[in-house]
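Order of listing sets the numbers, starting from 1, for every ligand and every atom in it.
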Amino acid sequence: MKEPWFKDSVVYQVYPRSFRDSDGDGIGDLRGITAKLDYLKALGVDVVWLSPVYQSPNDDNGYDISDYRAIMGEFGTMADFDALLDALHARGLKLVMDLVVNHSSDEHPWFVEACKSKDSPYRDYYIWRAPREGAEPNNWASAFGGPAWTLHEPTGEYYLHLFSKKQPDLNWENPQLRQEVYALMRFWLDKGVDGFRMDVINMISKAPGLPDAPVTAPQRRWQVPGPLVFHGPRLGEFLCEMKHEVLSRYDLITVGEAPCATPEHGIQLTHEEDGFLNMLFQFEHVDLDTDPALGLGKWGLKGLDLLDLKATMSRWQRELHGRGWNSLYLSNHDQPRPVSRFGDDGRWRVESAKMLGTFLHLLQGTPYIYQGEELGMTNVRFDSIAEYRDIETLNLWREAVHERGMDPAQVMAAIHAKSRDNARTPMQWDDGPNAGFSSGTPWIGVNPNYREINAQRALADPGSVFHHYRRLIELRRTLPVVVHGRYELLLPEHPEIYAYTRTLGAERLLVICNFGSGTPRCELPEDFSFDRPELLIANYPVDEGSDIRSFTLRPYEARAYRL
Ligand code: NOJ
């Protein structure tokens, strides 16, 4: 049987606002992306995922859509979009669009109509509730701070918004709304797009009755709704309908963003026969450096314990093997830069960026590269809150510093570590003005390290992170064991070394990664047998024929062998 193409593809995520500005207004655009496709081709990826390019008032940078069938003016026109799609296809690249249908913008005509009267046919496209004792209908917090409900005064009811108040949640219980979503999906697929990344898709079915959330942060008025808004009882039914109405009729790639998903959810949603989606973005591994006991959500910082990472990744690898499929990612537009977060963005920047890439790309699943990750781009440390743009970051500052009186230095430290703007500073193309991103004033500051870290330099340097990623992609393309091999963890208790094997028939890969700046000794188990190991990739020079049963690893060293 021919395996589906999503399994051996590598996806590159473009955040259009920050990728490349072609017209000097300081905002990345579609023509800018088209101009850089040869760069992506040189890297070797197969698929490009665009964060939303639809019309939007940009309360949440395009994740608040006011017209699902129009292109955002700042990004260009539909003709620019068509030209981009053609240019991608001409190079054998596929295009994945972001599908944001848990919520729309409050400026979407559906919501505007819904607000006109309680009898509007669009009223039920959203989730409305009468006040409870004169206040919010329940105690849910919005993901961006404050309550998840806003009162619409003219009609006297509250509407639900799990994100900002300009992102009202759509009511998937309404069959008409669901048909609207399927129709807009067909609109893009009929244009020729090759798939969807589905924003928080496991939130479209909520707990019946929208009950209060348990009080986990007593000092707070609003509580994180957690499981009450994920994997609700009708999720499978809605996705089954979507599969029947749309997905099964096209040859496409689908990835569902699924916060709070467990491997069991993963199997259920991606099972080859009875599943609905090709793969998920699960969050367990990117939540490991957060301490829930601090009650600060993602801002409560804790160092990563490698044993936790091994346990989490291994569980997903083992449980989905042969049953479902998964994505592999360390970064995206919501996450800090991996080299700053899990590596060392100073002395060992290049080595640790390569190590993290090696670790991730040789696992089972479809790898995602977020723009700039292939250059080892780092977090940014803006001095002042005035330089930040992200709604989540700005809301945190207002709440923590101005409303709760927290120490601004402590809040800024959390922002430096975790703000989404770390990923959103402009792509660093060269060492010219604004890193070659724009001839105008960029909408967000360029990371000052662009003279050292940029694409032009990386392309010219055979030892760059870029060329290491290119080689990793090539390995996936040439060795079926990288795509299909069974995963096994080695040295499970080692606190610094992450080592694993992948096996497919007689083919076996061995991957050894040092996750720290120390020089630990790698001692393979005695019963671990191999013949003549062939070095496939490494981030340091390795002597041919050197002993691999027992050797000392250099800081952030990574090696992969074919055994
Ligand atoms: C997840 C997206 O990745 C994020 O950027 C956005 O803010 C929320 N969903 C809401 O759409």
Side-chain angles (χ1 to χ4, degrees), residues 11-19 28 49-66 68 72 96-108 111 126-127 140-146 148 150 159-170 172 181 184 196-204 206 224-226 229-231 254-261 277 279-283 285-287 297-299 327 329-337 368-371 373 388-396 418-425 443-444:
V11 185
Y12 187 92
Q13 183 191 353
V14 168
Y15 193 68
R17 183 163 287 270
S18 304
F19 193 63
W49 151 32
L50 293 185
S51 276
V53 295
Y54 315 96
Q55 189 174 300
S56 162
N58 281 314
D59 192 50
D60 185 19
N61 285 359
Y63 283 91
D64 48 319
I65 296 169
S66 53
Y68 287 97
M72 191 187 306
V96 163
M97 300 286 276
D98 222 303
L99 181 75
V100 188
V101 289
N102 173 68
H103 44 268
S104 73
S105 161
D106 66 339
E107 297 182 33
H108 193 290
F111 192 74
Y126 295 90
I127 300 170
W140 292 0
S142 126
F144 294 155
T150 290
Y159 65 88
L160 178 70
H161 53 87
L162 294 174
F163 294 90
S164 100
K165 65 173 188 251
K166 286 185 67 61
Q167 293 168 297
D169 278 55
L170 289 163
W172 276 71
V181 171
L184 75 89
F196 291 110
R197 173 268 185 190
M198 303 183 185
D199 193 69
V200 289
I201 199 64
N202 62 345
M203 296 172 88
I204 59 176
K206 281 103 175 150
V224 175
V229 297
F230 298 110
H231 300 280
T254 52
V255 51
E257 188 197 25
C260 287
L277 305 174
M279 62 193 108
L280 299 184
F281 288 134
Q282 58 87 17
F283 280 65
H285 64 305
V286 289
D287 287 339
K298 74 176 232 180
W299 307 102
S327 69
Y329 76 98
L330 288 177
S331 72
N332 60 40
H333 64 291
D334 295 329
Q335 300 291 335
R337 294 284 180 180
Y368 286 70
I369 302 171
Y370 177 69
Q371 63 184 46
E373 178 186 334
Y388 285 88
R389 301 286 175 263
D390 169 33
I391 179 171
E392 183 190 43
T393 305
L394 299 178
N395 285 355
L396 166 81
K418 284 287 184 71
S419 169
R420 305 196 296 181
D421 281 340
N422 282 308
R424 299 177 183 185
T425 61
W443 69 277
I444 185 170

For this session: Check side-chain hydrogen bond (donor to acceptor under 3.5 Å, both in side chains) between Asp421 and all other residues, then give those that pass, not counting sequence neighbours.
Result: none

Exercise. Can the positive tip of Arg389 be found less than 6.0 Å from the middle of the six-membered ring of Trp443, inside 45° of the ring normal?
Worked result: no

Exercise. Could you walk me through whether Phe163 and Trp140 pass the ring-ring contact (aromatic ring centres under 6.0 Å, His included) check?
Worked result: CA-CA 11 Å; Phe163 294 90; Trp140 292 0; over 10 Å; no

Exercise. What are the two closest non-hydrogen atoms of Ser105 and Pro168, and how far apart are they?
Worked result: C-CD, 3.7 Å

For this session: Could you tell me whether the side chains of His161 and Ser142 share a donor-acceptor contact shorter than 3.5 Å?
Result: no

Dump the pairs for me: ligand 1 N or O, protein N or O, distance under 3.5 Å, to 0.1 Å.
{"residue": "ligand 1", "atom": "3 (O)", "partner": "Arg197", "partner atom": "NH2", "Å": "3.0"}
{"residue": "ligand 1", "atom": "3 (O)", "partner": "His333", "partner atom": "NE2", "Å": "2.8"}
{"residue": "ligand 1", "atom": "3 (O)", "partner": "Asp334", "partner atom": "OD2", "Å": "2.5"}
{"residue": "ligand 1", "atom": "5 (O)", "partner": "His333", "partner atom": "NE2", "Å": "3.0"}
{"residue": "ligand 1", "atom": "5 (O)", "partner": "Asp334", "partner atom": "OD1", "Å": "2.7"}
{"residue": "ligand 1", "atom": "5 (O)", "partner": "Asp334", "partner atom": "OD2", "Å": "3.4"}
{"residue": "ligand 1", "atom": "5 (O)", "partner": "Arg420", "partner atom": "NH1", "Å": "3.3"}
{"residue": "ligand 1", "atom": "7 (O)", "partner": "Asp60", "partner atom": "OD1", "Å": "3.4"}
{"residue": "ligand 1", "atom": "7 (O)", "partner": "Asp60", "partner atom": "OD2", "Å": "2.5"}
{"residue": "ligand 1", "atom": "7 (O)", "partner": "Arg420", "partner atom": "NH1", "Å": "2.9"}
{"residue": "ligand 1", "atom": "9 (N)", "partner": "Asp199", "partner atom": "OD1", "Å": "2.9"}
{"residue": "ligand 1", "atom": "9 (N)", "partner": "Asp199", "partner atom": "OD2", "Å": "3.1"}
{"residue": "ligand 1", "atom": "11 (O)", "partner": "His103", "partner atom": "NE2", "Å": "2.9"}
{"residue": "ligand 1", "atom": "11 (O)", "partner": "Asp199", "partner atom": "OD2", "Å": "2.8"}

For this session: Determine, using ring centers only, whether Tyr368 and Tyr12 are less than 6.0 Å apart.
Result: no

